[in-house]
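Here is how names work: the chains are called A, B, and so on, in the same order as the sequence lines, proteins then strands, and each is numbered from 1.
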Amino acid sequence: MTSVRELIGSRADGRRVVIKAWVRTKRETKNATFLEINDGSCFSNLQCVFDGDAGAGIATAMEKATTGASVAVGGTLVESPAAGQPVELKADSLEVIGVAPVDSYPLQKKAHSLEFLRGIAHLRPRTNTFGAIARMRNQMAFAVHSFFQERGFNYVHTPIITASDCEGAGEMFQATTLDLDALAKNGGPVDYSKDFFGKKSYLSVSGQLNVETYCMALGKVYTFGPTFRAENSNTTRHLAEFWMIEPEIAFAELPDNMALAEEFVKYLLSWALDRCREDIEFFDKRVQPGLIAMLESVRSSRFAHMTYTDAVKELVAHEEIFEFKPYWGCDLQTEHERYLSETIVKGPVIVTDYPKEIKAFYMRLNDDGKTVRAMDVLVPIIGEIIGGSEREYRYDVLLARIRELGLDEKAYWWYLDLRRFGTAPHAGFGLGFERLMRYVTGIENIRDVIPFPRAVKQAEF
RNA sequence: UCCCCUGUAGCUCAGCUGGCAGAGCAAGUGGCUGUUAACCACUGGGUCCGUGGUUCGAAUCCGCGCGGGGGAGCCA
């Protein structure tokens with residue numbers, strides 16, 4: 001089947017084609033009618049030109065060829081005499097396959113707000129913006145796999161349902177086959193031994209603990225799959241269901257992890273700049289002016305490194321500008337993170353060695369006994385895009401940390417086993433795929449870079 | 001979970017200290033034109049989110065409910 005992409009990239013050799021696509025706009029003049037059609041194969045539309053006196057058959061069909069209608073257009077591919085497109089279709093036949101009545105089809109021949117389009121998520125991929133997002137999302141997913149596959153990483157499919165509530169990365173969705181309505185009527189305690197798995201189960205908030213097990217066998221691994229967090233958060237950068245990439249490398253320490261993260265981010269930006277040119281030019285022009293220049297500068301930059309302790313010193317020196325006053329031991333606020341990358345460094349910065357109190361139990365304890373080998377990659381505008389760490393691989397230290405935090409050590413038996421049998425230093429990080437998408441498209445609201453957003457009180461479609 | 005803003009034509013919005021419901025775009029009709037975010041003219045189009053209240057009179061003021069947006073926290 002001929003695609004618009006294929007035709008636009010071809011020579012205007014006068015070949016006859018029939019192309020099936022959807023109508024974007026129609027402009028009628030006395031001598032000609034211009035029908036712009038798009039089939040999603042690329043950003044550009046194909047301009048189909050019909051003679052004004054093309055005949056009654058075409059005139060009748062043309063009335064129904066309104067914005068959104070699906071059509072089959074036959075004609076010959078010719079050089080366009082006007083500016084705006086190199087080639088066009090000199091059309092001689094038109095069939096309307098499916099109409100889109102103008103009085104009920106929500107999309108018009110005009111710009112719509114992203115808020116409005118969010119309410120018609122089933123139709124929004126037909127717009128320029130969401131078509132471009134969808135193609136770019138596809139490309140970025142491909143880029144993720146390419147990066148790791150080129151470097152000998154193994155893609156590991158970690159489970160989506162988990163019966164361990166010890167992942168510790170946020171509120172979890174419970175997964176159950178129990179009849180909640182019946183239980184509510186009866187009252188009384190719930191007997192989870194009657195649930196599907198014989199105990200409480202959840203949707204995974206992270207594949208990290210699971211992927212570490214395969215790291216300790218395959219060496220270099222990564223996960224890339226959906227993740228679920230039942231946080232009651234309502235922001236432009238959180239979703240209840242999102243996709244996360246989590247690489248994990250064996251015999252590696254924090255500097256190796258930092259180098260991998262930097263290389264990964266640059267690889268992804270290069271892919272976006274080099275292979276999604278038409279779509280990213282649209283974002284640069286209409287969504288976030290300066291996007292391409294910013295991404296290019298990050299691609300060619302060297303990421304700054306800074307310890308948490310040094311970062312706090314910088315922040316304290318300018319504490320008057322912050323709503324939340326920084327101090328050693330505080331969690332870095334969004335305003336702090338953005339100040340570090342946007343004002344102090346003026347580019348990406350990796351902050352390392354955070355106080356153990358504000359980080360997860362599995363991060364390797366430094367010799368000072370106060371900080372852990374954590375790292376956050378902060379970029380301008382977006383803030384934190386990657387969070388990771390070197391893992392605690394010493395059995396005694398890890399067990400002590402679990403006990404210190406009052407966690408149930410029995411629940412971590414298999415995780416601790418990794419440290420009992422052939423333990424090795426290892427490190428990894430997590431990158432939220434939708435946050436990457438926000439970064440490379442300039443789209444602000446995370447609900448616009450995933451086809452069907454899932455958030456608090458939002459699960460339509 | 002907290003704070004702020006918001007809900008008026010198909011869409012984006014204006015509507016002042018309460019007094020006859022408006023614009024641009026979209027749509028329809030006509031004109032013009034190898035047009036391309038087309039242009040010009042005319043026309044049609046309203047449960048002013050819902051509900052209760054204040055008032056001679058409410059889109060406008062107040063209470064409650066529902067929806068949308070932004071910020072914070074949590075984090076990716």
Side-chain angles (χ1 to χ4, degrees), chain A residues 24-36 44-52 63 66-68 78-85 88 90 101-120 127-128 167-171 205-208 223-224 226-246 261 282 285-286 323-324 331-337 358-360 376-379 382-388 429-439 444-450 455-458 460:
Chain A
R24 281 295 174 81
T25 70
K26 177 168 63 174
R27 289 181 296 274
E28 291 176 291
T29 75
K30 184 177 283 178
N31 299 321
T33 296
F34 301 86
L35 200 64
E36 283 202 39
S44 295
N45 300 326
L46 178 68
Q47 175 167 278
C48 305
V49 188
F50 294 81
D51 278 342
E63 280 178 32
T66 54
T67 299
V78 298
E79 224 173 275
S80 180
Q85 58 283 316
E88 64 185 28
K90 184 171 165 44
V102 293
D103 55 354
S104 54
Y105 185 60
L107 295 173
Q108 303 169 349
K109 183 182 152 182
K110 72 185 284 292
H112 292 287
S113 68
L114 296 176
E115 291 82 1
F116 170 70
L117 294 171
R118 240 168 261 154
I120 47 169
T127 63
N128 284 336
E167 291 168 354
E171 289 295 313
V205 295
S206 165
Q208 184 199 314
T223 72
F224 183 11
T227 308
F228 309 88
R229 305 235 172 131
E231 302 285 352
N232 184 12
S233 57
N234 206 321
T235 76
T236 57
R237 56 189 187 284
H238 291 88
L239 288 168
E241 176 181 302
F242 63 99
W243 288 63
M244 188 155 62
I245 298 134
E246 294 172 293
F282 167 78
K285 194 170 158 196
R286 293 287 172 85
E323 188 186 342
F324 294 91
D331 215 343
L332 296 184
Q333 305 290 315
T334 302
E335 58 174 342
H336 301 149
E337 293 180 342
I358 58 173
K359 290 292 179 182
D376 282 357
V377 179
L378 312 178
V379 296
I382 297 286
E384 183 187 338
I385 192 167
I386 283 178
F429 59 81
L431 177 140
F433 189 57
E434 285 74 21
R435 292 207 176 159
L436 169 70
M437 286 301 300
R438 289 211 308 151
Y439 198 40
E444 286 187 24
N445 196 315
I446 200 165
R447 296 171 194 202
D448 295 329
V449 296
I450 188 167
V456 185
K457 301 268 166 64
Q458 192 176 68
E460 188 73 43

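Set against B/G73, B/A27, B/G70, the side chain of A/Lys109 has B/A27 as its closest nucleotide. Of the candidates B/U1, B/G73, B/G34, the closest approach to any side-chain atom of A/Asn232 belongs to B/U1. Taking the side chain of A/Gln333 as heavy atoms from C-beta on, and the options B/C75, B/G69, B/A72, the nearest nucleotide is B/A72. With B/G34, B/G73, B/C11 as the candidates, the nucleotide lying closest to the side chain of A/Asn31 is B/G34. Distances from the side chain of A/Asn445 to the nucleotides B/G73, B/C74, B/G70 place B/G70 closest. With distances taken from any side-chain atom of A/Thr29 to the nucleotides B/U33, B/A72, B/A26, the minimum falls on B/U33.
The side-chain heavy atoms of A/Leu239 and A/Glu434, taken from C-beta on, include a pair separated by under 4.5 Å. Inter-residue side-chain proximity for A/Glu231 and A/His238 is flagged as unmet; no heavy-atom pair is nearer than 4.5 Å. Within the 4.5 Å cutoff, the side chain of A/Arg24 has heavy atoms near those of the A/Asn128 side chain. Here the side chains of A/Gln458 and A/Asn234 are not in contact, with every heavy-atom distance at 4.5 Å or above. Side-chain contact between A/Glu384 and A/Thr334 is absent, with no heavy-atom pair separated by less than 4.5 Å. For the pair A/Lys26 and A/Thr33, the minimum side-chain heavy-atom distance is below 4.5 Å. Residues A/Val377 and A/Leu431 are not in side-chain contact: their nearest non-hydrogen atoms beyond the backbone lie 4.5 Å or more apart.
If you check every strand for non-hydrogen atoms under 4.0 Å, A/Thr25 touches nothing. Heavy atoms of A/Ala32 sit nowhere under 4.0 angstrom from any nucleic acid atom. Across all strands, A/Phe116 comes closer than 4.0 Å only to sugar-phosphate atoms, never to a base (heavy-atom distances). When heavy atoms are screened at a 4.0 angstrom cut-off, A/Asp331 is found touching the sugar-phosphate backbone but no base atom. Among the protein residues, A/Leu239 comes within range of the nucleic acid bases, having at least one heavy atom under 4.0 Å from a base atom.
Rounded to a whole angstrom, the distance from the P atom of B/C74 to that of B/A37 is 46 Å. Taking the C1' atom of each, B/C61 and B/G15 are spaced 16 Å apart, rounded to whole Å. Taking atom C1' in both B/U35 and B/C40, the straight-line distance is 15 Å, to the nearest Å. Look at the C1' atom in both B/A58 and B/C48: the space between them is 11 Å, to the nearest Å. To the nearest whole angstrom, the two C1' atoms, one in B/G22 and one in B/C2, are 38 Å apart. Atom name P, nucleotides B/G65 and B/G70: the rounded distance is 23 Å, in whole Å. B/A27 and B/U12 have their C1' atoms separated by 16 Å, given to the nearest Å. Using atom C1' as the reference point in both B/U54 and B/G18, the two lie 11 Å apart (nearest Å).
For A/Glu115 and B/U6, a side-chain-to-base donor-acceptor distance below 3.5 Å is absent, hydrogens and geometry of angles not being considered. Below the 3.5 angstrom threshold, one finds a donor paired with an acceptor across the side chain of A/Glu88 and the base of B/G34.
Close to B/U12, at under 4.0 Å from its OP1 or OP2, lies a side-chain N or O of A/Ser113. Remark: A/Thr236 is in phosphate contact with B/G71, judged by side-chain N or O atoms under 4.0 Å from OP1 or OP2. Between A/Asn234 and B/G71 there is no side-chain N or O to OP1 or OP2 distance below 4.0 Å. Applying the 4.0 Å criterion to OP1 and OP2 of B/A38, one finds that A/Arg27 has a side-chain N or O inside that range. Under 4.0 angstrom from either OP1 or OP2 of B/U35 there lies no side-chain N or O belonging to A/Gln47. For A/Arg237 and B/A72, the shortest distance from a side-chain N or O to OP1 or OP2 is below 4.0 Å.
Neither side chain, A/Thr236 nor A/Glu444, offers a donor N or O lying under 3.5 Å from an acceptor on the other. Remark: the A/Glu246 side chain and the A/Ser206 side chain contain an N/O donor-acceptor pair separated by less than 3.5 Å.
Across the protein-nucleic acid pair, A/Leu46 atom CG and B/U35 atom C1' stand 15 Å apart, rounded to whole Å. To the nearest angstrom, P of B/C66 lies 8 Å from NZ of A/Lys457. In this structure, A/His112 atom NE2 and B/C25 atom P are separated by 15 Å, rounded to whole Å. Following rounding to the nearest Å, A/Glu444 (CD) and B/G71 (P) show an atom-to-atom distance of 7 Å. In this structure, the CD atom of A/Gln108 is 11 Å from the C1' atom of B/A9, given to the nearest Å. With rounding to whole Å, A/Lys30 atom NZ is found 15 Å from B/G34 atom C1'. As a whole-Å value, the separation of A/Ile245 CD1 from B/C75 C1' is 16 Å. Atom NZ in A/Lys110 sits roughly 5 Å away from atom C1' in B/U12 (whole-Å rounding).
Pairing for B/A14 is absent, with no Watson-Crick or G-U wobble pair whose two atom distances lie under 3.5 Å. Nucleotide B/G19 forms a pair with B/C56, judged by Watson-Crick or G-U wobble geometry with both contacts under 3.5 Å. With a 3.5 Å ceiling on both atom-pair distances, the Watson-Crick or G-U wobble partner of B/C42 is B/G28. Across all strands shown, B/C74 remains unpaired; no Watson-Crick or G-U wobble contact has both distances below 3.5 Å. B/A37 is unpaired under the Watson-Crick or G-U wobble criterion, no partner having all donor-acceptor distances under 3.5 Å. Using the Watson-Crick or G-U wobble rule with both distances under 3.5 Å, B/G67 pairs with B/U6.
Each of A/Ile446 and A/Val102 was matched to the nucleotide of RNA chain B holding its nearest heavy atom; the match closer to the 5' end belongs to A/Val102. Mapping A/Glu323 and A/Arg118 onto RNA chain B via the closest heavy atom, the residue that lands nearer the 5' end is A/Arg118.
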